[in-house]
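I have placed the structure first, in the form of structure tokens, so that the comments after it can refer back to it.
Atoms within a ligand are numbered from 1 in the order they appear, just like the ligands themselves. Just so it is clear, the model here is predicted, and its values are computed rather than measured.
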Amino acid sequence: MNVLVTGGCGYIGSHACVALHHAGHTPIVLDNYSNSHPSVVGRIEELNGTPLTVYQSDIRDSKALARVFAEQDIGAVMHFAGLKAVGESVAKPLEYYDNNVTGTLNLLAAMREAQVSKLIFSSSATVYGDPAVVPIDEHSQTGGTTNPYGTSKYMVERCLADFANANSDWSITLLRYFNPIGAHPSGRIGEDPSGIPNNLMPFITQVAIGRREALSIFGNDYPTEDGTGVRDYIHVEDLVDGHVAALEKRGDVAGLHVYNLGTGNGVSVLQMVNAMNGVLGRDLPVRMEARRAGDIAECFANPAKAEQELGWKAKYSLTDMVEHSWNWQQSNPNGYQS
Ligand code: NAD
Ligand code: UFG
């Protein structure tokens, strides 16, 4: 099947293009390169052994979307395009609601016009806010988001639920990601944040490669085993396999489908640092700092529903995730600019 991959040049989208190809589908990418580098296209082509069709366009551009749907026989859409930096979203709420909410509504309208009725949406565990209990299952309360990025994901989920309700022949799947890390085992594609990384793993690998002096650990007084924040880190390869499983198992089933994509294991910041120290064979420089505003103590998934209904389960270990992140960083010290 031809699958339109919006944001297909980004971190997760690029891995999805490879996973789709290997599952026998044809990815067709639409990306405006606002947070990616055109050289990723050649890397995907190298891994897939075949040319990749790419439209350099914006999901907010209706004419561009209509052109893609007119030129390509699209069977389903995986929608990754959007802005994702929590801190930036506080400073630029309009840009976040415009890209993430307006962009998605625009995409939906173009799909309806083209009679393409299968959508897989990149949502986030952030829609659960500060969860009352962990592990978090799909029935846990959503909303209570603390920043415009999280609110934009929550708003899109609500819009898609209403749309699915009104269009009973559509299949819409919301995938709530926990914390994606890692890279393709080849080291040819991976996460390449611009500027100072917001997230833990790219910060750790940039310290390891010598681009940054030390890792700041944001808080060691949380009510967790070692006092540092606990998250459910999932290998990006497992994450994109979850998308292929959702497409294949739910794409032909009408309705709104919701799945957590996580491992079910909580890992603390200190455990992550220790895992990287083990892979490196040396200790990373770290310093304890105050808590980061808006952070929660613990967040990890109950991934049972995805296993039962999609036959999908995360396979990679924490060591694999760390090794693959480090392999990507070492092979590309300056990301795609290397
Ligand atoms: P990314 O920034 O690496 O990739 C997003 C891609 O979309 C980029 O290539 C960017 O150029 C493109 N893009 C952005 N706005 C666009 C627009 N208006 N039109 C066309 N292209 C546009 O991010 P990612 O980590 O790959 O995340 C992909 C999706 O998954 C996002 O929707 C993100 O919110 C969601 N998500 C990510 C995480 C995470 O930790 N990485 C966690 C939960 C959810
Ligand atoms: N952390 C540090 N130092 C750093 C960076 C992070 O100690 O330099 C800590 C954080 O305090 C937190 C943990 O590492 O305890 C993970 O932080 P990340 O920023 O990597 O991830 P978050 O869980 O805060 O947020 C991520 C995405 C959000 C998404 C959320 C849930 O950035 O967009 O996962 O999916 F909403």
Side-chain angles (χ1 to χ4, degrees), residues 5-16 29-38 40 55-61 64-65 78-87 89 95-96 98-100 102-104 106-107 121-129 136 145-147 149-150 152-153 156 175-181 190-194 196-204 206-207 212 214-220 222 224 228-234 236 239-240 243 260-262 267-270 272-273 286-301:
V5 184
T6 73
C9 292
Y11 172 43
I12 302 169
S14 58
H15 290 79
V29 168
L30 182 142
D31 201 300
N32 67 358
Y33 295 127
S34 60
N35 196 37
S36 50
H37 200 269
V40 74
Y55 289 83
Q56 182 178 353
S57 307
D58 196 297
I59 50 168
R60 293 164 297 175
D61 181 343
L65 284 178
M78 285 190 185
H79 176 33
F80 297 95
L83 303 180
K84 64 162 184 176
V86 171
S89 78
E95 283 79 355
Y96 273 69
D98 188 34
N99 268 276
N100 296 1
T102 310
T104 302
N106 205 40
L107 173 66
F121 173 63
S122 298
S123 191
S124 166
T126 195
V127 300
Y128 294 117
I136 306 169
T145 48
T146 54
N147 55 76
Y149 166 70
S152 74
K153 289 288 173 189
V156 170
L175 297 180
R176 294 178 179 153
Y177 311 165
F178 281 68
N179 289 57
I181 61 169
E191 185 171 14
D192 182 20
S194 49
I196 301 170
N198 298 301
N199 298 114
L200 181 63
M201 181 50 85
F203 206 105
I204 286 180
Q206 290 194 9
V207 173
R212 318 224 164 250
L215 171 73
S216 296
I217 296 182
F218 299 137
N220 62 352
Y222 283 106
T224 60
T228 65
V230 166
R231 298 290 185 273
D232 186 338
Y233 297 94
I234 174 169
V236 65
L239 187 79
V240 296
H243 287 66
N260 284 339
L261 293 184
V267 172
S268 74
V269 178
L270 278 176
M272 183 61 87
V273 170
V286 299
R287 55 180 169 238
M288 291 298 171
E289 303 241 356
R291 292 181 180 192
R292 185 171 66 177
D295 269 0
I296 57 177
E298 273 194 304
C299 175
F300 57 95

Main chain of [Y], side chain of [X]: is a donor-acceptor contact present, judged purely on distance under 3.5 Å?
| X | Y | answer |
| --- | --- | --- |
| D232 | F300 | no |
| D31 | C9 | yes |
| N106 | T102 | no |
| T6 | A81 | yes |
| Y96 | G82 | no |
| Y177 | V236 | no |

Distance filter under 4.0 Å to [X] heavy atoms, resulting ligand 2 atoms:
| X | answer |
| --- | --- |
| T126 | 31 (C), 36 (F) |
| R292 | 5 (C), 6 (C), 10 (C), 17 (O), 18 (P), 19 (O), 24 (O) |
| I217 | 7 (O) |
| N198 | 5 (C), 19 (O) |
| F178 | 35 (O) |
| D295 | 10 (C), 11 (O), 12 (C), 24 (O) |
| G229 | 15 (O) |

Check: [Y] and [X] side chains under 4.5 Å, non-hydrogen atoms:
| X | Y | result |
| --- | --- | --- |
| T228 | M272 | no |
| I12 | S122 | no |
| I296 | Y222 | no |
| N35 | K84 | yes |

Nearest 0.5 Å, please: how far is [atom2] in [Y] from [atom1] in [X]?
| X | Y | atom1 | atom2 | answer |
| --- | --- | --- | --- | --- |
| R176 | S123 | CZ | OG | 6.0 Å |
| N99 | I59 | CG | CD1 | 6.0 Å |
| L107 | D58 | CG | CG | 11.0 Å |
| N100 | H79 | CG | NE2 | 7.5 Å |
| R292 | N198 | CZ | CG | 7.0 Å |

| query | Does at least one non-hydrogen atom of Y128 fall below 4.0 angstrom from an atom of ligand 2? | reply | no
For ligand 2, is there an atom lying under 4.0 Å from some heavy atom of Y222?
no
- Query: Could you walk me through whether N260 and Y128 pass the side chain to side chain donor-acceptor pair (under 3.5 Å) check?
  - Reply: CA-CA 11 Å; N260 284 339; Y128 294 117; 2.7 Å; yes
Please list the nearest protein heavy atom to [atom] with its residue and the distance rounded to 0.1 Å.
| atom | value |
| --- | --- |
| atom 16 (C) of ligand 2 | Y233 OH, 3.3 Å |
| atom 9 (C) of ligand 2 | V269 CG2, 3.7 Å |
| atom 22 (P) of ligand 2 | N179 ND2, 3.6 Å |
| atom 12 (C) of ligand 2 | R231 NH2, 3.7 Å |
| atom 33 (O) of ligand 2 | Y149 CE2, 3.2 Å |
| atom 3 (N) of ligand 2 | S216 O, 2.7 Å |

So which bit of [X] gets within less than 4.0 Å of ligand 2, heavy atoms only: side chain, backbone, both or neither?
| X | result |
| --- | --- |
| L215 | side chain |
| L200 | both |
| N199 | both |

Practice item. Output the set of protein residues with a heavy-atom contact under 4.0 Å to ligand 1, ordered first by chain identifier and then by residue number. Key: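 Only G7, C9, G10, Y11, I12, D31, N32, Y33, S34, N35, S36, S57, D58, I59, R60, F80, A81, G82, K84, N99, S122, S123, S124, Y149, K153, Y177, P180 have heavy atoms that fall under 4.0 Å of ligand 1, ordered by chain and number.
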Short N or O distance, V230 and ligand 2, threshold 3.5 Å exclusive: no
Among P197, P202, S124, the residue with a heavy atom nearest to atom 30 (C) of ligand 2 is S124
* To do: Closest by any non-hydrogen atom to atom 4 (C) of ligand 2: pick that one out of F203, F218, Y177.
  =>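 Selected option, by shortest heavy-atom distance: F218.
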